> 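Attaching a single structure in structure tokens format; questions to follow.
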Amino acid sequence: MLKGIAASEGIGIGKVMIVEEHSLEYTPKTVTDTAAELERYRGAVDKFCEETTEQADALRKSAGDKEAEILEGHIQMIKDPFMGGEIEKLIEGGQCAEAALEQMCNMFIEMFSAVDDDVTQQRAADVKDIKSAILAILLGIKVVKISDAPAGTVLVAKEVTPSMTAGINKDNIVGIVTETGSQTSHSAILARALEIPAVLSVENATGKLSSGEQIIVDGSEGDVITAPSEAEISEYSAKRDAFLREKRELENYRGKKTLSASGEEYELFCNIGTPKDAVKAMAADGEGVGLFRTEFLFMDRNALPTEDEQFEAYKQAALVLKGKGLIIRTLDIGGDKEIPYLGLEKEENPFMGFRAIRYCLKNRDLFKSQLKAILRASAFGDIRIMFPLITAVEELREGKALVEEAKSDLRASGIEFDENIKVGVMTETAASGVIAHLLAKEADFFSIGTNDLTGYTMAADRGNGDVAYLYSPFQPSVLIMIKRIIKCANEAGIPVGMCGEAAANPMMIPLLISFGLTEFSVSAPSVLKVRKNISKWTKAEADKVAEDVMNMATEAEILEYLKSVV
């Protein structure tokens, strides 16, 4: 058996097709006829855009509009005046088209990869896909096509890119296995959209598996079963049928309130990164947005977004939500995020350095511009402001004072906004948990960011494999912190939500019900499943589980127990 990341649920049983990758190596050279080289580069871009448009059209038919937009975004990226302009400048300076393209793309890849945010990091994968596709055109290499794969095929590749996915016939592909990727990568997003079971980040999958061999892909558990016996095939066939039945049953929860078995009602929101994601949230039956990451507006450009540009983005999301709650997190950026025009200095420990609210409070003009944009958009919906990485009451007070300054500026200009807009705190550090009782007196709401809360509480970097065993929201210290934050919010009479990945974990749900969480914010594809899982628990049952868990001393004990009761 091979292990990987469970990225797209379901069971696939079929024969392996290895997707071979062609070498994109070249020898850089200095060009003297820069006009001809520019023409060659522009011709490659035109061909790329033409082919990508065809792929997007194919993907729209097989997966849907939202998925096709991923590829259309590739066209927008390469046509961006900054990216394209800088590549052409390098060519005019004597670099060959391949080297100029690679240099500029690599800069963006490094910039996006440095951001501790899955959505932004995925943009690095987008740029890699663009770079590979245009390099292949410049080098005259034919990109592999998988549209002719026979029925019952399991695709195995180093990476399944959006452009490759466009050629998938979902009636013939029963599973996907890759050597790279995460639950939020485009490979995962597209596999889920196509409803194909997928296991990602399987080490050396293309080397360990052979074309033509039969395997089982368990996209729910992250397992790849090699050389399955008849008994295993029978067992997993039954699991596949049960999974499909459950999926059909989830539709029964569409359009319903989010209620526990004993009748307590919860808000079930979605996490988004762009206004377009708000459309996905509503299509998934989300009841609002619990986290709108605003970093996307500041990335992939050579200057700060204007107040008007930000206003239009926030307004667009608010209009899509039609009066449903929209929590906008202010800029969460800092020394770990390579944005050239901000001139951020390198830090030895950027995650504990000059970032998020700390950066914004020292760059007041930038911060106030964003706050004014959010306030202006609040005239078009139920918008709330959330400050990230609060570790001291002074930071909250200073942020709220700037909100009041922004309000005064808008009043003086006769611009409408919500005078009673709520201002909350993203509790994602041990410090915010310790002083939650103080923050709750001055914040209008809390939202728990379990990803960072886990990392900061356990002093464990989730990207470091050597300490991965510590990075778990089921560690007793993290659960104690979560319970305390929720208790302080409830005692102060303010709403408290959770926007980290743990909010969708079935084993966490009874604990959150017992602790008193009022709002769950999850990815759009998780909405119906979370609603169903909440409906399974009465408050009394959840309290009994939480009581048992909070008396346990280790993560292993807690997980073993929760697996037995959930």
Side-chain angles (χ1 to χ4, degrees), residues 220 242 245-247 249-270 285-288 290 325 427 433 436-437 440 445-450 453-454 457 472-523 526-566:
S220 303
R245 278 196 305 274
E246 181 186 14
K247 191 167 185 180
E249 289 169 4
L250 280 180
E251 286 302 312
N252 295 328
Y253 292 87
R254 187 174 294 279
K256 304 288 178 63
K257 291 182 177 181
T258 303
L259 302 170
S260 68
S262 47
E264 289 83 13
E265 185 171 353
Y266 300 89
E267 290 184 305
L268 183 51
F269 287 176
C270 291
D285 207 33
E287 298 165 24
T427 49
H437 61 298
F445 64 89
F446 282 169
S447 185
I448 303 170
T450 49
L453 182 64
T454 300
T457 301
S472 166
F474 294 101
Q475 289 282 357
S477 56
V478 180
L479 291 176
I480 290 168
M481 196 67 76
I482 290 171
K483 184 177 181 180
R484 171 172 172 72
I485 292 167
I486 295 172
K487 180 175 181 285
C488 291
N490 288 338
E491 288 177 348
I494 63 172
V496 54
M498 178 178 285
C499 56
E501 292 174 12
N505 191 316
M507 292 189 292
M508 184 65 79
I509 284 172
L511 303 181
L512 297 177
I513 289 173
S514 176
F515 294 166
L517 195 78
T518 57
E519 172 239 303
F520 294 73
S521 192
V522 302
S523 66
S526 299
V527 168
L528 296 183
K529 182 167 283 190
V530 171
R531 186 172 290 147
K532 177 184 177 181
N533 286 329
I534 290 173
S535 75
K536 293 178 180 179
W537 295 95
T538 65
K539 180 67 164 57
E541 291 168 342
D543 285 342
K544 174 63 172 64
V545 170
E547 182 182 356
D548 291 343
V549 164
M550 299 310 284
N551 283 319
M552 295 176 181
T554 69
E555 184 219 19
E557 292 175 69
I558 290 168
L559 287 178
E560 184 179 2
Y561 170 72
L562 288 173
K563 285 175 182 176
S564 72
V565 298
V566 172

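Remember, predicted model here, so these are calculated numbers, not experimental data.
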> Run Phe515 and Met550 through side-chain contact (heavy atoms from CB on, under 4.5 Å) and show every step you take.
CA-CA 11 Å; Phe515 294 166; Met550 299 310 284; 3.8 Å; yes
> Is it true that Glu287 and Arg531 have a side-chain N and a carboxylate O under 4.0 angstrom from each other?
yes
> Treating Ser514 as the side-chain partner and Leu511 as the backbone partner, does any N or O pair qualify as donor plus acceptor under 3.5 Å?
no
> Indicate the atoms forming the closest heavy-atom contact of Ile513 with Tyr266, along with that distance.
CG2-OH, 3.3 Å
> Please test Lys529 against Tyr253 for side-chain contact (heavy atoms from CB on, under 4.5 Å), starting from the C-alpha separation and ending with a verdict.
CA-CA 8 Å; Lys529 182 167 283 190; Tyr253 292 87; over 6 Å; no
> Among Phe269, Phe446, Phe445, which residue satisfies the side-chain contact (heavy atoms from CB on, under 4.5 Å) criterion with Glu519?
Phe269
> Looking only at heavy atoms, which two atoms of Ser262 and Lys539 are closest? And how far apart?
OG-N, 2.9 Å
> So, taking the atom named NZ in Lys532 and the one named CD in Glu249, what distance separates them when rounded to the nearest 0.5 Å?
5.5 Å
> For a quick test of reading the model, state the closest non-hydrogen atom pair linking Val527 to Leu268 and the distance between them.
O-CD2, 3.3 Å
> Quick one: pull up CD1 in Ile509 and NZ in Lys536 and give me the separation to the nearest 0.5 Å.
8.5 Å
> Measure across Ala542 and Pro510 and return the closest heavy-atom pair with its distance rounded to 0.1 Å.
CB-O, 3.2 Å
> Pair Val545, Leu562 - check side-chain contact (heavy atoms from CB on, under 4.5 Å), show working.
CA-CA 8 Å; Val545 170; Leu562 288 173; 3.7 Å; yes
> Under 3.5 Å, side chain of Ser535 to main-chain N/O of Ser260, donor-acceptor pair present?
no
> Just wondering, are more than 12 heavy atoms of other shown residues or ligands nearer than 6.0 Å to CD in Glu265?
yes
> Is there a side-chain contact between Glu501 and Asn505 (heavy atoms, below 4.5 Å)?
no
> Could you tell me which non-hydrogen atom of Ala489 sits nearest to which non-hydrogen atom of Val496, and how far apart they are?
CB-CB, 3.6 Å
> Output the distance between atom CD (Glu547) and atom CE (Met552), rounded to the nearest 0.5 Å.
10.5 Å
> Would you check if Glu267 and Thr518 make a side-chain contact, meaning some heavy-atom pair closer than 4.5 Å?
no
> Measuring from Leu479:CG to Thr450:OG1, what's the distance to the nearest 0.5 Å?
10.5 Å
> What verdict does the side-chain contact (heavy atoms from CB on, under 4.5 Å) test give for Trp537 and Val566, after you've listed the backbone C-alpha separation in whole Å, the side-chain angles of each residue and the deciding distance to 0.1 Å?
CA-CA 10 Å; Trp537 295 95; Val566 172; 4.0 Å; yes
> Roughly how far, to the nearest 0.5 Å, is OG1 of Thr454 from CE of Met481?
10.5 Å
> Roughly how far, to the nearest 0.5 Å, is CD of Gln475 from CD1 of Ile482?
11.5 Å
> In plain terms, say whether Lys487 and Glu491 are close enough for a salt bridge, that is, a side-chain N and a carboxylate O under 4.0 Å apart.
yes
> Do you know which two heavy atoms are closest between Ser477 and Thr457, and how far apart they sit?
OG-CG2, 3.9 Å
